[in-house]
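Working notes, structure below.
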Amino acid sequence: MARKVWFITGVSRGLGLALAQTALAAGHMVIGTTRDGVAPEGLSGPRLNILALEATDLEGVALVVNQAHALHGRLDVVVNNAGYGLIGPIEAASAQEIERQFTVNVFAPLAVLRAALPHMRARGRGHILNISSVAAIAPAPGAGLYAASKSALWALTQSLAQEAAPFGIWTTTVSPGPFRTDFLSDHSMRRTAATIPAYEASASGQATQALMARAGVQAGDPAKAARAILEIVEADEPPVDLLLGAAALTRARARLDRFDEDAARWEVLTRAADFTD
Ligand SMILES: NC(=O)c1ccc[n+]([C@@H]2O[C@H](COP(=O)([O-])OP(=O)(O)OC[C@H]3O[C@@H](n4cnc5c(N)ncnc54)[C@H](OP(=O)(O)O)[C@@H]3O)[C@@H](O)[C@H]2O)c1
């Protein structure tokens with residue numbers, strides 16, 4: 001296995017930390033980012049570099065990617081991992097909360113990959129992995145803006161996969177289900193400042209309660225997710241999509257089945273919308 005240079009955002013905890021540890025243990029070089037540029041506990045070694053990246057500083061993000069590239073003269077694998085969830089009904093979210101959710105989950109990953117692509121195209125190789133969520137494929141009530149941000153990331157990654165393939169660049173959307181990280185903790189998860197009592201007893205409130213009840217008992221193991229990501233990076237033909245965790249598979253399949261059912265049921269109406277000539 002060739003030693004690769006990995007650039008991973010958000011290695012301070014959770015999936016990013018597990019991925020950085022796994023890539024280092026496999027002999028790769030890792031450039032990880034944390035907000036303060038300090039390595040978290042449990043991440044060290046001569047093949048590790050840590051750079052400071054705050055995802056809301058979009059100009060800074062591009063500079064960090066170029067700084068990372070300069071360290072070894074190449075970036076083989078770029079992982080957009082840093083992200084967070086905003087929960088609360090769509091109606092309750094403020095313009096500022098919505099903007100921040102999209103800045104961190106969409107515009108920052110976009111800034112990372114736009115800065116990385118010229119370097120990868122010049123070498124004719126590379127692999128970009130964007131960590132989305134099963135929520136992008138099967139959005140639930142109560143976290144619609146998080147789902148929308150991850151759907152945006154999913155869609156642009158699908159397009160990018162087709163655009164970048166001719167240049168020898170692989171592109172994968174990774175869509176985890178619930179993983180046992182700090183994602184649902186008060187540190188990471190944000191709630192809309194405004195609350196609307198009418199939603200609390202409805203589908204939105206119930207979904208939020210069910211989501212938060214999973215904190216600490218999520219079925220997904222971050223170390224196993226990291227090993228799965230390493231495996232696809234080493235594959236001859238990496239996938240465009242990787243679901244992680246059995247719950248993600250069940251939820252995505254249910255949504256796609258429903259999509260197929262709607263498409264079949266309304267097929268005549270769908271086809272009738274074309275000109276007849
Ligand atoms: N765990 C799950 O159930 C799950 C499911 C689907 C998708 N995901 C996705 O997986 C990715 C990793 O999440 P996780 O589960 O590992 O959650 P986590 O434990 O909360 O870790 C999130 C990481 O993102 C970083 N981050 C968040 N906002 C940032 C910002 N503004 N600037 C720079 N870094 C920022 C955090 O840094 P700090 O430590 O400084 O906050 C941390 O390193 C996220 O994109 C998340 O949406 C997670």
Side-chain angles (χ1 to χ4, degrees), residues 7-22 30 32-43 50-61 64-65 79-87 97 99-112 129-140 143 145-154 157 172-190 210-226 228-229 241-249 251-252:
F7 176 78
I8 308 168
T9 63
V11 299
S12 60
R13 62 185 75 235
L15 291 175
L17 175 59
L19 188 55
Q21 288 168 329
T22 306
V30 171
T33 76
T34 58
R35 293 191 220 226
D36 57 7
V38 175
E41 213 180 298
L43 198 60
I50 297 286
L51 299 176
L53 181 147
E54 164 52 61
T56 54
D57 170 14
L58 295 177
E59 282 175 23
V61 167
V64 173
V65 175
V79 186
N80 273 307
N81 164 74
Y84 76 97
L86 173 66
I87 52 171
E97 288 165 338
E99 189 183 331
R100 192 176 189 284
Q101 177 76 107
F102 276 78
T103 300
V104 174
N105 287 8
V106 186
F107 301 139
L110 197 48
V112 167
L129 297 106
N130 289 331
I131 311 293
S132 177
S133 166
V134 68
I137 303 161
L145 292 156
Y146 173 68
S149 71
K150 291 298 191 180
S151 279
L153 186 61
W154 180 86
T157 315
T172 303
T173 311
V174 178
S175 300
F179 271 75
R180 210 172 297 172
T181 66
D182 286 339
F183 182 69
L184 295 177
S185 72
D186 288 341
H187 170 89
S188 297
M189 186 62 88
R190 292 190 170 215
L211 178 74
M212 297 319 281
R214 289 206 296 259
V217 293
Q218 299 97 325
D221 178 343
K224 290 182 179 169
I229 291 172
D241 276 289
L242 177 71
L243 291 160
L244 285 176
L249 191 62
R251 190 168 147 189

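Both ligands and their constituent atoms are indexed starting at 1 by order of listing.
The protein heavy-atom contact nearest to atom 2 (C) of ligand 1 is Phe179 N, 3.5 Å. With hydrogens left out, the protein atom closest to atom 43 (O) of ligand 1 is Ser12 OG, 2.7 Å, a heavy atom.
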Inset, instruction - May I have the step-by-step check of side chain to side chain contact (heavy atoms under 4.5 Å, CB included) for Leu43 and Leu17, ending in yes or no? - result: CA-CA 8 Å; Leu43 198 60; Leu17 175 59; 4.0 Å; yes

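Contact atoms of ligand 1 toward Pro178: 3 (O) (distance under 4.0 Å to a heavy atom of the residue). Heavy-atom proximity to Glu54, at under 4.0 Å, picks out these atoms of ligand 1: 30 (C), 31 (N), 32 (N). Interface atoms of ligand 1 facing Gly14, defined by a heavy-atom separation under 4.0 Å, are 16 (O), 19 (O). Set against the non-hydrogen atoms of Asp182, the atoms of ligand 1 under 4.0 Å away are 19 (O), 20 (O). Per-residue contacts place Leu53 under 4.0 angstrom from the following atoms of ligand 1 (heavy atoms of the residue considered): 33 (C). In summary, the atoms of ligand 1 found under 4.0 Å from a heavy atom of Gly177, numbered by their order in the structure, are 2 (C), 3 (O), 4 (C), 5 (C), 6 (C). Within the listing of ligand 1, atoms 10 (O), 16 (O) sit less than 4.0 angstrom from a heavy atom of Leu15. In summary, the atoms of ligand 1 found under 4.0 Å from a heavy atom of Gly10, numbered by their order in the structure, are 43 (O).
For the pair Val174 and Thr172, the minimum side-chain heavy-atom distance is below 4.5 Å. Side-chain atoms of Val79 and Ile131, non-hydrogen and from C-beta on, do get closer than 4.5 Å to each other. Using a 4.5 Å heavy-atom cutoff, the side chains of Val11 and Ile50 are in contact. Annotation: side chain of Arg13 is not in contact with side chain of Thr181 (no heavy-atom distance under 4.5 Å). Residues Val61 and Thr9 form no side-chain contact, since every pair of their non-hydrogen atoms from C-beta on lies 4.5 Å or further apart.
Ligand 1 lies nowhere less than 4.0 angstrom from a heavy atom belonging to Arg180. For the ligand labelled ligand 1, residue Gly85 lies outside the 4.0 Å heavy-atom shell. Every heavy atom of Met189 sits 4.0 Å or more from the atoms of ligand 1. Proximity of Arg13 to ligand 1 is established by a heavy-atom distance of less than 4.0 Å.
With a 4.0 Å cut-off on non-hydrogen atoms, Arg35 touches ligand 1 through its side chain and not its backbone. The proximity of Val134 to ligand 1, defined as any non-hydrogen pair under 4.0 Å, does not occur for either the backbone or the side chain. Looking at His187 against ligand 1, only its side chain comes within 4.0 Å, counting heavy atoms. Residue-level proximity to ligand 1 for Ser132 is carried by the backbone, the only part with a heavy atom below 4.0 angstrom.
Take Arg214 and apply the salt bridge (Lys or Arg N to Asp or Glu O under 4.0 Å) test, not counting sequence neighbours, and it matches no residue.
Panel note: side chain Ser188, backbone Asp182; a donor-acceptor pair is recorded below 3.5 Å. At least one donor-acceptor pair under 3.5 Å links the side chain of Thr33 to the backbone N or O of Gly10.
Of the listed options Asn105, Leu244, Thr181, Thr181 places a heavy atom closest to atom 1 (N) of ligand 1. Across Ile131, Thr34, Val174, heavy-atom proximity to atom 9 (C) of ligand 1 is greatest for Ile131. Counting only non-hydrogen atoms, the option in Ala55, Ala52, Ala18 that gets closest to atom 32 (N) of ligand 1 is Ala55.
The minimum heavy-atom distance linking Ala136 with Trp154 is given by the pair CB-CB, 4.1 Å.
Here side-chain hydrogen bond (donor to acceptor under 3.5 Å, both in side chains) pairs that include residues 215-226, with residues two or more places apart or in two chains, number zero.
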